[in-house]
Every structure is written in C-alpha cells, then in structure tokens.
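Start at 1 with the first residue, then count along the sequence. The basis for the numbers below is simple: all heavy atoms, side chains too, and nothing from hydrogens, waters or symmetry mates. Just so we're clear, the structure is a prediction, and the values are computed from it rather than from any experiment. Atoms within each ligand, like the ligands themselves, are counted from 1 in listed order.
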Amino acid sequence: MPFVTTGDMMKNAQAGGYAIGAFNAENLEMVQAIIAAAEAENAPVMIQTTPGTLKYAGPKCFAGLVSRLARDAKVPVALHLDHGNSYELAEECAREGYTSLMIDGSKLPYEENIAITRRVVAMACGLPVEAELGTVGGKEDGMVAKPQYTDPDEAADFVSRTGISSFAVAIGTAHGVYKGEPKLDLERLSEVRAKVDIPLVLHGTSGVPEDQVRECIRRGICKVNYATDLRIAFTAGVKKAIAEQPDAFDPKKYLAAGRKAVEERVRELIRLLGSNGKA
Ligand code: 13P
C-alpha cells in the first residue's frame, strides 16, 4: 500500500460514519505497533508526532521510518504533524515527506490564528492541513492549557477563510490524564457539524468513555487522536517486562513488550472507532 495523505482517508470516514485513529508515536517500536495493529484490523491509519516528539527525534527520522514501513504495509498509512507550533516546523515536515500537517494557532488571537493557518495552507501545496479553534485543555508537550470551547459561528468563518481540510473542535476534552470523567459538550459538536462540512477531529481522547467517543463519531467526528493512552500502554509493557526479568540488559527484550502492549491497545481503539475492515 502506498504512503498516503489523509485527505481521502478522512473523506471516506466522513461518508462512512466511522473515524480514523490518529495515534501518536514516540519511537520505532510504537510506529511498528501501530502499523501492525492497523494491518491486523485491516484499517487505514494515521501516525502522528508532536513538536516535543520531533525534538527527541526530528522529522527526517520519523518521515524516513514511516514512509519506508508504509510502503510494505497492507493498509494505507499516513504521517501527520500533530499540534505544529510554527510555520517553520510545518514547512520542515512537508519537505521531509509528512503527508499531513496540523498548524495549531489556537492560543493566538483569532486573526493571527487565521493568518498563520492561511500561510501553512498556501505552503502545503495541496497537502491536507488541520487547524484548531478554541482550546483543548490539559497538558501536551509540557504546555498546560485551559479548555476554551469552539464557537460554531466562528468555526464556520475560520474554515471558509483558511481553506483547511480538517478542523479540530474544543468541546471539553483535554490532553493527558483526566482527574474525573470528562463532560463533553455534544450539542456544541452538533452545532459545529451543522455549520462546517469538512472532517472534524477530536483531540484529548485518552480517558474519554467509549460511549462518548461513539457518540462524537455519530455526531460527525472522523479523526480521533490518542497519545496518552499509548504512552501508558508502552510504559506498562516495558515496566512489566523489566519487573519479570530484572537482570535483562538487552533493550530489544523489554522494548518488544512495550510494542506488544501498544499493538493490543491500538487494535481495541481501531475497533472502537469503527475503522476496522475499512482499508
Ligand atoms: P490524549 O493525550 O488524550 O491521548 O490526546 C492526544 C491528542 O489529542 C494529540 O493531539
């Protein structure tokens, strides 16, 4: 299967009433696990990296790794910049071969968010671009944000003035680990859906109860992001392997346990999102 952009993936999901899983990877093992899970479930899949992850291992590293593995994968695989925090990073990712970009100007004043998003859309020359309005709360890449909900009318204006391909809504989700059960503003999601016809994206989904995720998809979400959930699964797998074999010194042994844990979790999540069998 080719290494693909996210355009058709998300349009098919929108038409079919399911969502594409967009899974954050931090290393080789997580990339392998996500692709293996998608193949096992016959699902199109997105791998994504935040700016923090790209500080750890740059766009060259992830683009090289994912594009090569995607070429031999049995399902469509895309590579997306998650929460791109500058024009320069978005440009570097596009140059290195990412097939999808997010520019996150959501913390900027409204007109500045529009301006930077328009610049990235122009630079991307047809690559799909995601942007966000309002703020998903919680902690991502060490930055703490207070949630600020998306205004549906502003959303319609933002989408028509920027030309983006997908739109991230802020409806009460937060990045990181939730302290209590998240309360999502589902009515607001439906209002945004009524005014915006491009694919909608849900951030901060780790810890959101399954019935609420399904309801979000029913109301128009067609890309769902998971990061924290997979970090927890990977770390738990590695910790368990080291606890069972405290004398192990070969990283391959315990990293493989992390990889297996992520693969199992991604398979469950793909089935929750309904993208299984859709490759
Ligand atoms: P979680 O940290 O809740 O998994 O959110 C991930 C996300 O939205 C990445 O953009």
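The shortest non-hydrogen separation linking C93 to L54 is SG-CD1, 3.8 Å.
Shown in contact with A174 at under 4.0 Å from a heavy atom are these atoms of ligand 1, numbered in order with element: 3 (O). The Y226 neighbourhood of ligand 1 comprises atoms 4 (O), with distances under 4.0 Å to a heavy atom of that residue. Every atom of ligand 1 with a heavy atom of A227 under 4.0 Å away is listed here by number and element: 1 (P), 2 (O), 4 (O), 6 (C). Close approach to G176 involves these atoms of ligand 1, each under 4.0 Å from a residue heavy atom: 2 (O), 3 (O). Close contacts of ligand 1 with G204, meaning ligand atoms under 4.0 Å from a residue heavy atom, involve 1 (P), 3 (O), 5 (O), 6 (C), 7 (C), 8 (O). Applying the 4.0 Å criterion to heavy atoms of H83 picks out, from ligand 1, the atoms 10 (O).
Residues D197 and R193 are not paired through a salt bridge, judged by the lack of any N-O separation under 4.0 Å between the basic side chain and the carboxylate. Here K195 does not pair with E191 in a salt bridge; the nearest charged N to carboxylate O distance is not below 4.0 Å.
Classification of the H175-H83 ring pair by plane angle, with boundaries at 30° and 60°, yields perpendicular.
Checked by distance only, ligand 1 and L202 stay at 3.5 Å or farther apart across all their nitrogen or oxygen atoms. The shortest N/O to N/O separation between H175 and ligand 1 falls below 3.5 Å. Of the polar atoms of N24, none of the N or O atoms is found under 3.5 Å from an N or O of ligand 1, judged by distance alone. Note: an N/O pair closer than 3.5 Å links H203 and ligand 1 by distance alone.
At a 4.0 Å heavy-atom cut-off, ligand 1 touches T228 through backbone and side chain alike.
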Review item, side-chain donor-acceptor pairs of residues 268-279, under 3.5 Å, at least two apart:
{"from": "E268", "atom 1": "OE1", "to": "R265", "atom 2": "NH1", "distance (Å)": "2.5"}
{"from": "R271", "atom 1": "NH1", "to": "E41", "atom 2": "OE2", "distance (Å)": "2.5"}
{"from": "K278", "atom 1": "NZ", "to": "G274", "atom 2": "O", "distance (Å)": "3.1"}

Side chain to side chain donor-acceptor pair (under 3.5 Å) between Y110 and D157: does it pass, once the steps are laid out? CA-CA 11 Å; Y110 184 63; D157 181 64; 2.6 Å; yes

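Listed by chain and number, the residues in a side-chain contact (heavy atoms from CB on, under 4.5 Å) with D250 are K252, K253 (sequence neighbours excluded).
With atom 9 (C) of ligand 1 as the reference point, the heavy atom nearest to it among D82, V201, T173 is part of D82.
Not a single donor-acceptor pair under 3.5 Å links the side chain of S100 to the backbone N or O of H80.
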